[in-house]
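In what follows, a single structure is set out as structure tokens and then discussed.
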There are 2 protein chains.
Amino acid sequence: MYGCGMSLTHALLGLLAVQPRSGYELTKAFETDLGRYAWQAGHTSIYPELGKLAERGLVEVTAEGARGSKTYTVTDAGRAELRTWLMAPPTGQGKVRNEQVLRMFMLSALDPADAVVVLERIAESTAQQADVLRAIREDAGPVEPGPEGFGQLAAEYGLRQFEAVHSWAQWAIEQLTAPART
Amino acid sequence: MYGCGMSLTHALLGLLAVQPRSGYELTKAFETDLGRYAWQAGHTSIYPELGKLAERGLVEVTAEGARGSKTYTVTDAGRAELRTWLMAPPTGQGKVRNEQVLRMFMLSALDPADAVVVLERIAESTAQQADVLRAIREDAGPVEPGPEGFGQLAAEYGLRQFEAVHSWAQWAIEQLTAPART
DNA sequence: TTTCGACATGTCGAGTTTGACATGTATGGT
DNA sequence: ACCATACATGTCAAACTCGACATGTCGAAA
């Protein structure tokens, strides 16, 4: 009945479940952690999708502000839909598409010397990004349930992700630079 | 000039750089680690893309076997294109789309009790998947450069990924079940 | 010998995504 | 007063994705 691009639908519902926002604010949200690790979307997908969501009664416009801005709020039906999606048992595999990871997978196609150069860049960049997130974590207090905790769970996820990739890159460099076997 | 869906192009080039394969074999490759962590693609994208790649002179058909199978081999131009892409400095952010990660980001929109249920499922499933990869690692020897090492780098990446998500999920459960603040 | 499943390639249409284009408003600096 | 910038929403065409459909081969077991 509906297409299977349900992920944007639920990303929007999830964001609005935390707090009502305008399309513009939602667009900004996709430019931070969310878009970096989980799901990308530009305003050209978001505005039409909000329209469809409103038609289906999952969200509604609860305020119109300056410059024609419209604040959307999730309805009870929207919350129910979001919960159903989140609580549903994982169906094998979800869609995965990550250009950075693809680059890592393709590394073996390079001369080992070139691969090491790329891996060193990865190691450096992940270390830096992890440092940034560690600094952010120090500034924040303990995680609280609800809206406040939203960014903290994500930040911690990102941090552990970067640490894992960093240690993997170092391991890979070691493997490639180890003395060749007899 | 060309669309920006360059990632499938390079995924195919990378796979063929390791060894010549048919479209069918390439399709199979996308069903394993590659498709699980890095980039998904079905045969309906792969066959047309191979045609375009051949037109651009990046790959060529070097053998035709039983049942109409065509074996593609990467050309020097294709190798050069792949190297350029891999060695290019990361352009801000690549495309990211991961439904599982999106679910994790949306968890804060749930009651803490529901969130813990989902997190426990994640912790269990990542632990299992990590075990599978650890078993595979034990069976393989040390990593060698070249085609043989291809899958091992990927498997190790996946393993560290699962371990990171597992430990994150456990941390998140602790945060959510910790005694509420005063 | 016939039938089943894995091998192997392909097209098509409906839906999704994306960059380019278009429009207009409020704010702050000069 | 003017200008740049951030705010804010939207359309459109081109490209891309993906499931459904279509076709045919080869080997092995029943």
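Just so it is clear: chains get the letters A, B, ... in the order the sequence lines come, proteins before strands, and each one is counted from 1.
Using a 4.5 Å heavy-atom threshold, the side chains of M104(B) and V118(B) count as separate.
Nucleotide dT25(C) holds its P atom 16 Å from the CD atom of E64(A), rounded to whole Å. The distance between atom CG of L8(B) and atom C1' of dT17(D), rounded to the nearest whole Å, is 10 Å. Between E49(B) atom CD and dC16(D) atom P the separation is 8 Å, expressed in whole Å. F30(B) places its CZ atom 17 Å from the C1' atom of dA8(C), with the value rounded to the nearest Å. Separating the OH atom of Y47(B) from the P atom of dG10(C) is a distance of 7 Å, rounded to the nearest angstrom. Put simply, CD on E99(B) is 12 Å from P on dC18(D), counting in whole angstrom units. Summarising the geometry, the separation between CE on M6(B) and P on dG19(C) is reported as 14 Å, rounded to the nearest angstrom. Distance NZ (K28(B)) to C1' (dA8(C)): 10 Å, rounded to an integer number of Å.
Partners of T9(B) under the side chain to side chain donor-acceptor pair (under 3.5 Å) rule, at least two apart in sequence or in another chain, are E49(B). Taking the side chain to side chain donor-acceptor pair (under 3.5 Å) definition, one finds that E25(A) meets it with S22(A), sequence neighbours left out. Residues forming a salt bridge (Lys or Arg N to Asp or Glu O under 4.0 Å) with R97(A) (at least two apart in sequence, or on another chain): none.
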Side-chain donor/acceptor pairs under 3.5 Å, residues 74-84 of chain A, sequence neighbours excluded:
unit_1, atom_1, unit_2, atom_2, d
T75(A), OG1, G57(A), O, 2.7
T75(A), OG1, L58(A), O, 3.0
T75(A), OG1, A77(A), N, 3.4
T75(A), OG1, G78(A), N, 3.1
E81(A), OE2, H10(A), NE2, 2.8
R83(A), NE, D114(B), OD2, 2.6
R83(A), NH2, D114(B), OD1, 3.1
R83(A), NH2, D114(B), OD2, 3.0
T84(A), OG1, A80(A), O, 2.9

N/O donor-acceptor pairs under 3.5 Å from side chains in residues 28-35 of chain A, not counting sequence neighbours:
unit_1, atom_1, unit_2, atom_2, d
T32(A), OG1, A29(A), O, 2.9

Show the atom names and distances, to 0.1 Å, of all donor-acceptor pairs under 3.5 Å that link a side chain in residues 37-44 of chain A to residues at least two apart or in another chain.
unit_1, atom_1, unit_2, atom_2, d
Q40(A), OE1, V96(B), N, 3.4

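Within 4.0 Å (heavy atoms only), T27(A) reaches no atom of the nucleic acid at all.
For R97(B) and dT17(C), the shortest distance from a side-chain N or O to OP1 or OP2 is below 4.0 Å. Distances shown here put a side-chain N or O of K70(A) below 4.0 Å from the OP1 or OP2 atom of dG10(D). OP1 or OP2 of dC7(C) lies within a sub-4.0 Å distance of a side-chain N or O belonging to Y24(B).
Near DNA chain C, meaning a heavy atom under 4.0 Å away, the residues from residues 38-46 of chain A are T44(A), S45(A).
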Output a table of nitrogen or oxygen pairs between the protein and nucleotides 1-3 of chain D separated by less than 3.5 Å.
none

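Among pairs with a residue in residues 50-82 of chain A, none fulfils ring-ring contact (aromatic ring centres under 6.0 Å, His included), at least two apart in sequence or across chains.
Taking only side-chain atoms of K52(B), from C-beta outward, the nucleotide of dT16(C), dC16(D), dG10(C) with the closest atom is dC16(D).
With salt bridges taken as basic N to acidic carboxylate O contacts below 4.0 Å, one links R134(A) and E163(A).
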